[in-house]
Amino acid sequence: MTAPPAAAPLYTDAFEALSAWTAPDPEQERLRREFLRHLQEHPADGVWRECADGHITASAAVLDASRSRILLTLHSKVKAWLQLGGHCEPGDATLAGAALREATEESGIPGLRPLPGPVQLDRHRVRCHPDGTWHLDVQYVMIAPEGARHVVSDESDDLAWFPVDALPADADDALRRLVARAVGR
């Protein structure tokens, strides 16, 4: 696939990052192709929340320095424990940068260290538009500095570290797969 011309550096980075990424399994490859097709069909707005057909988002599995715990947010709107992340913003030049910005804003932890490349893709239904839409989430891994302390942001009801092998009972399969892939990096 070739990228259509687009003005936003984030669009170009998203297209290149997804084009270069080697999916770990057939389902992830299907999502990779779907995300690329979405970008081709929406060159002007496919990375922005204004795109009612769905939009690229960026999130991160934030692991502690030992990689034995993950920081999760009790999302104030969804009311579930999730990885950190969200919508891309006009100042974002890269998807990895958007994931790092979101993780830093939502955790209050300075000095998060991103691992290279996405670890997983996830497509899920959300209510960003009156009729609903889709988040096409590109997920990364960030490592927190030794002794990092988090601060609950306005977007969260709570933040907590969970052992990677003892996630909250209501954690969905997408989060469980993300954690398994993050730990395997």
Strictly below 4.0 Å, N to O, side chains only: are [X] and [Y] in salt-bridge contact?
X	Y	answer
D157	K79	yes
R181	D25	yes
E27	R30	yes

Would you say [X] and [Y] are hydrophobically clustered, going by side-chain heavy atoms of ILVMFWY under 4.5 Å?
X	Y	answer
V126	W48	no
L82	V183	no
L115	L175	yes
L39	V138	yes
L121	L100	yes

At their closest point, which heavy atom of [X] faces which heavy atom of [Y], and how far apart are they?
X	Y	result
D170	W81	OD1-CD1, 4.1 Å
P168	R176	O-NH2, 3.1 Å
G54	T133	N-OG1, 3.0 Å
M142	A60	CG-CB, 3.5 Å
H55	C51	ND1-O, 3.2 Å
A58	A99	CB-N, 3.7 Å

Has the side chain of [X] got a donor or acceptor atom that lies under 3.5 Å from a matching backbone atom of [Y]?
X	Y	value
E29	P24	no
S156	V152	no
W21	P118	yes
R67	V164	no

Mind checking whether [X] and [Y] have side chains closer than 4.5 Å, heavy atoms only?
X	Y	value
T57	L136	no
E89	E102	yes
V119	L178	yes
H38	E41	no
P114	Y140	no
D158	T73	no
L63	R69	no
E34	R123	yes

What do you reckon, is CZ of R125 surrounded by more than 12 foreign heavy atoms closer than 6.0 Å?
-> yes
Quick one: [atom1] on [X] to [atom2] on [Y], what's the gap to the nearest 0.5 Å?
X	Y	atom1	atom2	result
I143	D64	CD1	CG	8.0 Å
L72	W161	CG	CH2	9.5 Å
E106	S153	CD	OG	5.5 Å

Quick one: do the S59 and Q83 side chains pair a donor with an acceptor below 3.5 Å?
-> yes
Full working for side chain to side chain contact (heavy atoms under 4.5 Å, CB included) between S107 and V151 = CA-CA 6 Å; S107 72; V151 177; over 6 Å; no
Checking I70, L71, I109, L112 against L84 for side-chain contact (heavy atoms from CB on, under 4.5 Å), the one that qualifies is L71
Is the distance between the ring centroids of H87 and H135 under 6.0 Å?
-> yes
For the residue pair F15 and Y11, does the interplanar ring angle fall in the parallel (under 30°), tilted (30 to 60°) or perpendicular (over 60°) class?
-> parallel
Dump the intermediate steps for side chain to side chain contact (heavy atoms under 4.5 Å, CB included) on T104 and R101, then the final yes or no.
-> CA-CA 5 Å; T104 301; R101 176 189 50 74; 6.0 Å; no
Output, in order, the C-alpha distance, side-chain angles, deciding distance and verdict of side chain to side chain contact (heavy atoms under 4.5 Å, CB included) for L159 and L74.
-> CA-CA 6 Å; L159 282 173; L74 183 56; over 6 Å; no
